[in-house]
2 protein chains.
Amino acid sequence: MKNKFLAIYGDIEAKIKSGDIKPDTLLPSEHELTDLYHTSRETIRKALHLLSQNGYIQKVRGKGSVVIDINKFDFPVSGLVSFKELAQKMDEPPKTIVSKLQLRKPDQFVRQQLNLSSKEHVWEVIRVREINGQKIILDKDYLAQQFVPHLTEVICADSIYNYLENELGLTISFAKKEIVVEEPTEEDELLLDLDGFHNVVIIKNYVYLDDASLFQYTESRHRPDKFRFVDFARRIH
Amino acid sequence: MKNKFLAIYGDIEAKIKSGDIKPDTLLPSEHELTDLYHTSRETIRKALHLLSQNGYIQKVRGKGSVVIDINKFDFPVSGLVSFKELAQKMDEPPKTIVSKLQLRKPDQFVRQQLNLSSKEHVWEVIRVREINGQKIILDKDYLAQQFVPHLTEVICADSIYNYLENELGLTISFAKKEIVVEEPTEEDELLLDLDGFHNVVIIKNYVYLDDASLFQYTESRHRPDKFRFVDFARRIH
DNA sequence: GAGTGGTCTAGACCACTAC
DNA sequence: TAGTGGTCTAGACCACTCA
């Protein structure tokens, strides 16, 4: 890590995670940390700001920075959670089945979601995620071709994100998410083991790149019993 | 507003919202803004950082700050969303029915959620939310008595948050949220108009005060067709 | 009153983009 | 090469908490 404030953030994060710094105690003061890390106070404050944003500490004016009890929660991987990250917590290795992969003209819905003209093409990828032998998640991805010229079944069976970030050098910056519950479509019934469930949980994702361009729309359709979402919301004053 | 950076944030936010600054264009550079607002660059950067965090702009190194198209989304009230905020967007005035209000000893589950000893008491509040004549949400709140000495039916029928923040002077700082889908309990069936639905969406909220103390646990149980959650996730690099 | 975090400044150097 | 945002510094003053 070349950034000083990130290094300090990582150092303190590790100490909190390992229990080296106990929950409900105070961190050393910003002034002390300034000396400890041989840096300026603003740099310390940047690191503490990050810790606060990610739910590790809560800063209290006039008192100090309180360490929050992290073990009370199954802590989320903040930000986007991909299927791969999810699956790593499972006992059995998960399986991805690529059900459809084609380059096509966007229909009106997708065109609208991605701000495209009708001339531009999109990749449509439909994948089924199987965990412990059960088909539980249906992922429908739409990627603007202008950003992703080629796509193969092998890439889709592994991780599209990996390919985008490591091979194409695209950097995903942020996503806007919407979660709703609907009745299953025929497609859901066909491709998933719905097992008698009458609803699916749909996570709609609008994914942006580093340069603020919107390039992907994703729907992740989950069987309700296997769905779980964790969020950390800081109130705006 | 006495904070300079908040004033600048508000000013730019207003210009974006009103369309005064167009989506997909660049903000003036940090240097120009420094002159415009007669301040230092770090102060400008604080304001821009906030705008970026709240999804208004995306900063691109070497280029500038891109204004994001806000109208593509039904923009969330970032942070906690209370029933009152939700209901303001409905056509018909909603109704709250206080189904239970009592001061009791916490059972093991609540004790654990709120880090309480068995001696301390909690307020248990159960409320049904009715929209357009249909009972759609069941809210179960547990508040530690040490923070909230008194509570009446009138307060609960209005807004508990209002009372806490305006009357008691408590400041809610942040919440950790978990969303799951489960089968309805007998209580759900009894109190809600489930209308044949086989699932309820449960939002579990752990609410913290300004001084990092955990004081409230809330379950908000929604009929699935009326549930909607919007999130804005920034990726951590 | 001593110590804490919150805000603000004026300047420096660096990494990246665009031309 | 000029202009952009990203990092870092050393200092100042303020608002708040706690003994």
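Lettering follows sequence order; numbering is per chain, from 1. Reckoned from all heavy atoms, side chains included, excluding hydrogens, waters and symmetry mates.
Nearest heavy-atom pair across A:V66 and A:D24 is CG1-CA, 4.2 Å. Closest of all the heavy-atom pairs between A:L101 and A:E153 is CD2-N, 3.5 Å. Annotation for A:Q216 and A:D141: closest pair NE2-OD2, 2.7 Å, computed over non-hydrogen atoms. Counting all heavy atoms, side chain and backbone alike, A:L48 lies closest to A:S65 at CD1-OG, 4.1 Å.
The 5' end of DNA chain D is approached more closely, in terms of each residue's nearest nucleotide, by A:H38 than by the other of A:G62 and A:H38. When each of A:L48 and A:E42 is assigned the nucleotide of DNA chain C bearing its nearest heavy atom, the one mapping closer to the 5' terminus is A:L48. Of the two residues contacting DNA chain D, namely B:L27 and A:K63, the nearest-nucleotide position lying further toward the 5' end is that of B:L27.
To the nearest angstrom, C1' of C:dG3 lies 12 Å from CG of A:L26. Residue A:H31 contributes atom NE2, which lies 10 Å from atom C1' of C:dG3 at whole-angstrom precision.
Taking a heavy-atom distance under 4.0 Å as the criterion, the stretch of DNA chain D touched by chain B extends 5' to 3' from D:dG3 to D:dC8.
In this structure, the side chains of A:L209 and A:L164 stay at 4.5 Å or more apart for every pair of heavy atoms.
Using bins of under 30°, 30° to 60° and over 60° for the plane-to-plane angle, the ring pair B:F215/B:F147 lands in the perpendicular bin.
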